[in-house]
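Have a look at the structure below before the remarks.
All values below were derived from every heavy atom in this structure, side-chain atoms included, with hydrogens, water molecules and symmetry-related copies excluded. So that the names make sense, note that chain A is the first sequence line, chain B the second, and so on, each numbered from 1.
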Amino acid sequence: MNFLTIQDVSHVYFSKQTSTTALHDISLTVNEGEFISIIGPSGCGKTTLLSIIAGLIKPTVGTVILDNEPIHMKNKKTGYMLQQDYLFPWKTIEENIFLGLKLTNQLTNKTKIKTLSLLKKIGLSNVKDQYPSQLSGGMRQRVALVRTLATDPKLLLLDEPFSALDYQTKLTLEELVYLTLKQFHKTAVLVTHDIGEAIAMSDRIYLLSKGPGKVAQVFTVPKELRQLSPLEIRNSEQYNELFTIIWKELESLEGKN
Amino acid sequence: MNFLTIQDVSHVYFSKQTSTTALHDISLTVNEGEFISIIGPSGCGKTTLLSIIAGLIKPTVGTVILDNEPIHMKNKKTGYMLQQDYLFPWKTIEENIFLGLKLTNQLTNKTKIKTLSLLKKIGLSNVKDQYPSQLSGGMRQRVALVRTLATDPKLLLLDEPFSALDYQTKLTLEELVYLTLKQFHKTAVLVTHDIGEAIAMSDRIYLLSKGPGKVAQVFTVPKELRQLSPLEIRNSEQYNELFTIIWKELESLEGKN
Amino acid sequence: NSSKESLQKVQIGEVTRSIFYAPQYVALEKGFFEEEGLDVELSTIPGGDKTMTALISDGIDIALVGSETSIYVNAQGTDDPIINFAQLTQTDGTFLVSREKIDNFTWDMLEDTTFLGQRKGGMPQMVGEFVLKKHGIDPHNDLELIQNIDFANISTSFASGTGDFVQLFEPQASVFEKEGIGYIVASFGTESGHVPYTVFMAKESFLNEQKEVAEKFTRAIYKAQQWVYEQSAEEVAKAIQPFFEDTELDIITSSVERYKSQNSFAENPILDNDEWDNLQNIMDEAGELPERLNYEDFVNTEFAEMVTE
Amino acid sequence: MKEKINVPLLHQQYRNQLRKEKRWVLFFQILIFLAFFLFWQVASHFKWIDPLIFSSPITIWNLFLDKVSDGSLFPHIWTTVFETFLGFIIGTLGGTIFAAILWWSNTLSKIFGPYLVILNAMPKVALGPILIVALGPNMTSIVAMGVLVTIIITTIVIYSSFREVDPNYVKVLQSFGATKFQCFKEAILPSSFPTIISTLKVNVGLSWVGVIVGEYLVSKQGLGYLIIYGFQVFNFTLVLLSLLVIAVFATIMYKLVEVIEQKLLKNG
Amino acid sequence: MKEKINVPLLHQQYRNQLRKEKRWVLFFQILIFLAFFLFWQVASHFKWIDPLIFSSPITIWNLFLDKVSDGSLFPHIWTTVFETFLGFIIGTLGGTIFAAILWWSNTLSKIFGPYLVILNAMPKVALGPILIVALGPNMTSIVAMGVLVTIIITTIVIYSSFREVDPNYVKVLQSFGATKFQCFKEAILPSSFPTIISTLKVNVGLSWVGVIVGEYLVSKQGLGYLIIYGFQVFNFTLVLLSLLVIAVFATIMYKLVEVIEQKLLKNG
Ligand SMILES: Nc1ncnc2c1ncn2[C@@H]1O[C@H](COP(=O)(O)OP(=O)(O)OP(=O)(O)O)[C@@H](O)[C@H]1O
Ligand SMILES: Nc1ncnc2c1ncn2[C@@H]1O[C@H](COP(=O)(O)OP(=O)(O)OP(=O)(O)O)[C@@H](O)[C@H]1O
Ligand SMILES: [Mg+2]
Ligand SMILES: [Mg+2]
């Protein structure tokens, strides 16, 4: 059974003068425990799509079914990590990562400890009493990730979560997130610009084209790769093959515009 | 003769309560026409170093000599592209890219045409009358690059200029910038998180370590690679070798902390 | 203190704090109200409009304000008219102050000079113009008349060099004379004749329902008026000084002296028909009289007569 | 069945909805307006409120018609509008210039900071006598009062907005070798425009208040004069008429500022 | 020779320099202060300015000592400080609450927008009689005037700062299923704190102005009363003393707000 079903979703942004069709007729399904990535040129509607899945934007037409229920704003099953970190500058790192727990009334000693251990795993336990302005961009992004994971959502929506990180940290985190999600059998939708990242982490990759955004192609990451961790994948033969295919595809997409 | 000489530069940030040593005893030299990259973990002082070279920050100790003159704020030989785009939201794209020309009193028809053709090359000629808020992050970054290149500086300082771009655009731009700089025999210092990018574009790579930032290692990109363009480099054998070496080095650096 | 509990509370609002109202402060300070069984609370509500507003909206029981205000209000028609029931001052309270010392002042000296008058629509201005006209001077042609300055700032303007003559209240006039800024050359009070210049007034309903209070109040005022009449200016000044903490005693004394000597303080609370007519004539002359109001309808001397018998 | 999306139609619908909402807002605004005046009229008529003090809309309207037909209202309006406009312009420009000076010199701003605070807390109304001594009892004093009321607060607010400008914009300019003046012109001033405009809006109100208070102090003409005169002769109809006229003109002036705002901040 | 850097020493030097600058600023502040009063004294003494109108610092100081020693100044001060404090608190809280209501309902804010503008431009001083009718000629009216002067402008400024909060913060909260109230509490309100604080600072000044004007309307006691009374009896020493006392207390109140600011915005 499908955990997430997106059915014929289109979205148009209106202003008084203009209308921008951001998404056109998107349909896709994700099973429980699957990890999918969305790639595509800048402005093709990736963020819009995530916002729709999170229930923050009502699509102009189409339906989104999550865990057998139409999505709505008050749903607590999804964790959404925005494209920028949006840590609250007036809260300490600790207060920031407890935010979701507090809002959903789950702030207990147990969840606190769990969240702090997550912060530690991600290499930032020493900054918990600092304010976001004292952290570098990469550190902030990692904190935002912990904030999203803290409420233990069934569906994770990640909008370029690793873009501000140096290569090394990025790989470590990919590994960490990947293993954590697999371990607890979570479902995830990742938006990224990095083809390598998409291949390394996901079961399926949706390539969106622009103007307006629609699904141009779907790539399934081969079974053999799926059994490896993101680090190992990058060193495999098949990785390079898939990378080249997707790249070509992206290139031809750009060419068409 | 060295075009840029950085001699024993250290920098400490002071606030009333604390002091942060951002750079410790950095020395490096760059010849005219050379392209060097600086990589290193987040917070190791890369941005600080660029600001010092640009003359925006006076280093606590040490000297910076550019083209036989000590650097100072009013110097018009450097073009500095900040880590974020900082396009002026109340100016159109066109006004934004003409800004440097206007400030240095070089705004003539000729320079205008040249700048606009640069905008076109970078794929954005159609947005020249729009405002930055109407552009996506990647588009903004490209505009900021054009703004920096417009005044035709002898020394280019680039702080993660391609971080917000999708892979495809990134490669194209690397290629473009690389060729442009080589063609006009410009000198450049690039800060990046992307090891691949560093290898693909530079003659030398400085690896900074953290706490406080000092030069941990210098890698010289082999002559054979230097003759290729960034795109070609990435597909070569030697690229992968160097990549692995630098990566290992970075990894051990992280390990030490 | 236990007796204070049984006292009847009366709230009065005065239009300004002025030595001109000396008998009122005497009544308060000498305990005349308490003798009558009244506990009087005094507020200053600057501006006739605000004093009257407070009276109309029952914020205060009795207002001490110029009679002209009651005419303005009553002329607009009201179910519960404002009744003048006890007169406190009976002449204008302003003086003509000259910048130069003049030994033998005559009013025609004002011709072709700059005269700094009080603001339009108020009693001082109307009396001022009335007196000028009485002396054959056309206030709008024969001299330059400045009437655009707020009451509180007229003295400042004159002190800083505006005008040859100015129309001032006490103690400003005395201060000016003492400091050599100007010289009092004439009194508008003497010139204007008797008018109900400042009067205690209340709503008709209050006077009907609280006859006893009104009578006691009037009696206390009458006592104070007699006291002021009998005592020397120094005694009066000493008595009212607590109300004028920051004014020197000699200034208070000379002000009281001047008012006493020209009979500005009414000897009794009775407001008679001639005074009422005179007031309306002056207002009419100034073009500010909305309509002529009957003495019988808006003046009640019942209490005043009762207490003076 | 798959829905087909018709963008122009949807856009039309969206715009219709906007228009509809706008109409509803307008409807409620007018409703409140009418209800207010109707209630006022009725309350005054049945003496729930004292008609002497609160007058009534119809009485005020009649007085208005009278004063319009005999032409005696206009000189008052023009005088006050002129004074207010002057006070507004001088106060706003002056405040902005002071703010620029403070921004220019960090030391100056540190030195004068506390004095600004004290000046701001001074009841300007009490400074009337000083104005009259300095400028004479004439229109200059009135305009000066309008300026006094606005200039300090303008300085404080705009200076603090100058300081909040992201220093990286200045960095960009400096990297092109810009002078301090260029930094001010290209970054500090334009990025403070939104604050300056919102200060302008506040100043519209304040300069009216200042001028009216100025007219209380000294005046032959003007709406403030009418108010004072109305009080003097206890003609509250006149007072309320003046207040309503002030409300109308202040609103017009505010709307003008809004038009300027839309022109300047076109890229909102 | 390679320079060795000694960070603690440099830090010490940096701090010394900060301290030195601070001392210079203080020095100039005191200099200006003294120069002002000295000039005033001298000008008054040699009659360059009229000592009757401008008094002189020494005369004022003597009056102050008198009034302190006979204890007659304190009741006036406490009355006014108390009224101002009340007016300030009610005005600021009330304004913030109104702003929250407007933020809550977009429609309400659209409907009331123009009315706020009109109210803001109303010279509150002219509303005195209405206050007296509504609240009686007593301290309530005075406090109400303090509130009136601050509340509208507070509402406008804070509401506009509520609207400028980056909507993405709200998005983060909504993604956790936050209610509208939670969004307000966690994002809108705290990110407007800097604006609210700067409004507080402005309101310190405005509420003093309001209360002083209120005391002009009706009063038995207070610094505004002293000013009015001083005008009446042509005692400008008293007027200026009251103004100086107001300046001192307004500054104290402002400093208190600054302390609160530093407490609240610790993460500056
Ligand atoms: N709030 C909005 N109002 C109007 N148009 C919008 C809005 N948000 C996005 N758009 C437009 O919708 C389209 C898709 O935007 P979106 O942010 O979803 O792209 P994206 O794929 O996330 O881009 P990027 O990779 O640069 O983040 C773009 O053309 C954008 O201009
Ligand atoms: N203005 C400042 N005041 C105080 N400390 C600062 C300031 N700017 C940077 N630092 C500190 O100096 C160090 C180096 O900062 P810098 O921004 O140069 O790092 P970076 O290498 O550019 O990091 P990133 O890769 O995240 O951009 C960090 O520890 C940072 O906290
Ligand atoms: Mg996006
Ligand atoms: Mg950096």
Side-chain angles (χ1 to χ4, degrees), chain C residues 15 46-59 65-66 68-82 114 116 118-126 145-163 166 203 283 286-290, chain D residues 44-56 59-60 63 76 79 83 123 125-142 144-145 212-222 224-240 242-243:
Chain C
V15 65
D49 55 309
K50 276 143 214 136
T51 317
M52 192 54 82
T53 302
L55 181 63
I56 290 174
S57 59
D58 296 323
V65 63
E68 83 282 4
T69 320
S70 74
I71 291 178
Y72 290 138
V73 171
N74 290 329
Q76 293 178 47
T78 153
D79 300 339
D80 196 357
I82 306 300
T114 305
L116 195 50
Q118 297 273 337
R119 204 159 198 170
K120 195 164 150 46
M123 212 48 214
Q125 172 253 343
M126 293 190 271
L145 179 61
I146 299 178
Q147 291 186 319
N148 61 347
I149 302 171
D150 169 46
F151 165 77
N153 286 301
I154 290 174
S155 46
T156 325
S157 303
F158 186 75
S160 64
T162 306
V166 62
K203 283 178 162 180
M283 290 173 72
E288 301 287 0
L289 185 66
Chain D
S44 179
H45 185 256
F46 291 105
K47 313 236 164 179
W48 303 337
I49 55 177
D50 196 318
L52 269 183
I53 297 168
F54 290 100
S55 192
S56 79
T59 323
I60 296 174
L63 180 64
H76 293 292
T79 309
E83 291 161 350
V125 199
L127 301 179
I130 296 173
L131 279 188
I132 289 179
V133 172
L135 304 168
N138 49 45
M139 196 191 275
T140 323
S141 288
I142 302 178
M145 187 57 95
I212 299 298
V213 169
E215 287 185 351
Y216 280 16
L217 289 181
V218 44
S219 62
K220 286 194 261 286
Q221 221 171 32
Y225 167 80
L226 281 189
I227 292 177
I228 275 280
Y229 176 74
F231 280 146
Q232 190 84 267
V233 302
F234 210 82
N235 183 345
F236 278 44
T237 308
L238 186 59
V239 172
L240 290 166
S242 310
L243 281 176

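Residue C:Asp49 holds its CG atom at 11.0 Å from CD1 of D:Ile227, rounded to the nearest 0.5 Å. C:Ser157 OG to D:Asn138 CG: the interatomic distance, rounded to the nearest 0.5 Å, is 9.5 Å.
Taking the side chain as every heavy atom from C-beta outward, D:Phe234 and C:Thr53 approach each other to under 4.5 Å.
Options C:Ser155, C:Gly48, C:Gly122 differ in how many heavy-atom pairs under 4.5 Å they form with chain D, and the most are formed by C:Gly122. No other option in C:Lys50, C:Met52, C:Met123 has as many heavy-atom pairs under 4.5 Å with chain D as C:Met52.
D:Ile228 touches chain C through its side chain: at least one heavy atom from C-beta onward sits under 4.5 Å away, while N, CA, C and O do not. Residue contact with chain C, scored on non-hydrogen atoms closer than 4.5 Å, involves the backbone of D:Glu215 exclusively.
Among all heavy-atom pairs drawn from D:Asn235 and C:Gln76, the shortest one is CA-NE2, 4.1 Å.
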